[in-house]
Structures are given as C-alpha cells and as structure tokens.
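Structure record follows, encoded as structure tokens.
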Amino acid sequence: GMSVACNVACAWARMLGSQRRSYGLCMISALLSGVGGALFLPMPAQLSQRFLPERWALTTSLAIQANYTGWLLGSVLVPVLVQDADSMQRFLTW
C-alpha cells in the first residue's frame with residue numbers, strides 16, 4: 001500500500017511540477033519515487049522463493065532484468081516522444 005501511494009504521489013507531483021515549471025516539485029517527485037521503489041525492489045528475490053530452489057537464480061535474474069528493461073524503455077522513449085513543453089504534458093498524462 002505504501003509503495004503504491006508513493007508512486008501515485010510521485011506521478012502527481014511530477015505532473016504538477018511540469019505544469020508549473022517547478023524544479024522543487026519535480027525533486028519531490030523523485031524523492032517519492034525513490035521511497036516507493038525502495039519498498040518493492042526486494043521483490044525479485046521474494047518472487048523467486050515461490051519456485052523450486054533450482055529455479056531461484058533464474059527467476060531472480062529475470063525479474064531484475066525486467067526492471068532494467070523498463071528503465072531502458074523510459075530512457076529511450078522520453079527523448080523520442082518529448083520535444084517541447086506541450087509534448088511533455090502529453091507524455092506525462094498519457
């Protein structure tokens with residue numbers, strides 16, 4: 001519950017920070033994102049415990065790589081889709 005609340009608050013703070021051109025609000029959104037992320041980053045290891053012990057390394061590795069794949073997509077999509085302030089608003093509310 002707390003992780004979801006932090007991520008929702010992060011999204012709203014980032015959108016408001018972008019609309020108001022407020023660096024402070026964008027920094028608060030980054031802080032909220034970090035707090036929310038810290039709560040679910042141990043999940044790959046916990047997820048792997050649901051499988052047989054010989055599959056723990058594989059399931060943990062796949063879950064961690066899925067996280068990095070999301071970061072990769074975010075790093076690629078933002079520069080491709082955002083060119084100005086209007087496209088940033090569309091991207092944030094997409």
Side-chain angles (χ1 to χ4, degrees):
M2 181 64 151
S3 179
V4 172
C6 285
N7 282 312
V8 169
C10 164
W12 280 102
R14 184 144 319 158
M15 189 176 75
L16 289 173
S18 172
Q19 285 177 342
R20 297 179 183 175
R21 292 177 166 55
S22 169
Y23 183 75
L25 275 174
C26 289
M27 289 304 295
I28 288 170
S29 82
L31 177 70
L32 289 167
S33 176
V35 170
L39 299 172
F40 69 83
L41 285 176
M43 291 304 287
Q46 294 172 1
L47 174 69
S48 69
Q49 299 295 314
R50 295 178 178 262
F51 296 95
L52 296 173
E54 53 273 357
R55 297 286 185 186
W56 287 355
L58 175 65
T59 55
T60 302
S61 298
L62 288 174
I64 290 171
Q65 291 306 316
N67 188 31
Y68 289 135
T69 302
W71 289 352
L72 171 71
L73 289 174
S75 298
V76 170
L77 288 178
V78 173
V80 169
L81 297 175
V82 175
Q83 290 85 26
D84 55 15
D86 289 333
S87 61
M88 174 63 98
Q89 286 301 316
R90 284 192 304 277
F91 181 77
L92 290 174
T93 57
W94 180 37

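- Under a 4.5 Å side-chain heavy-atom cut-off, the cluster of Ile, Leu, Val, Met, Phe, Trp and Tyr residues that includes Leu31 has no other member.
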Distance-only donor-acceptor hits, side chain of residues 54-63, under 3.5 Å, sequence neighbours excluded:
unit_1	atom_1	unit_2	atom_2	d
Trp56	NE1	Ser48	O	3.0
Trp56	NE1	Phe51	O	2.8
Thr59	OG1	Arg55	O	3.0
Thr59	OG1	Trp56	O	3.2
Thr60	OG1	Ser48	OG	2.9
Thr60	OG1	Trp56	O	2.8
Ser61	OG	Ala57	O	2.8

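- In this structure Asp84 satisfies the side chain to side chain donor-acceptor pair (under 3.5 Å) test together with Ser87, sequence neighbours excluded.
- Under the 3.5 Å distance criterion, the side-chain polar atoms of Ser3 are matched with a main-chain donor or acceptor of Gly36.
- Residue pairs meeting the ring-ring contact (aromatic ring centres under 6.0 Å, His included) criterion with at least one partner in residues 67-90, sequence neighbours excluded, are Tyr68-Trp71.
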Could you tabulate the donor-acceptor pairs under 3.5 Å formed by side-chain atoms of residues 12-21, not counting sequence neighbours?
unit_1	atom_1	unit_2	atom_2	d
Arg14	NE	Ser29	OG	2.9
Arg14	NH2	Ser29	OG	3.1
Ser18	OG	Gln89	NE2	2.8

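- Cluster annotation: Met88 and Val80 are assigned to the same hydrophobic cluster (Ile/Leu/Val/Met/Phe/Trp/Tyr, side-chain heavy-atom contacts under 4.5 Å, transitive).
- Residues satisfying the side-chain contact (heavy atoms from CB on, under 4.5 Å) test with Val35, not counting sequence neighbours, are Cys6.
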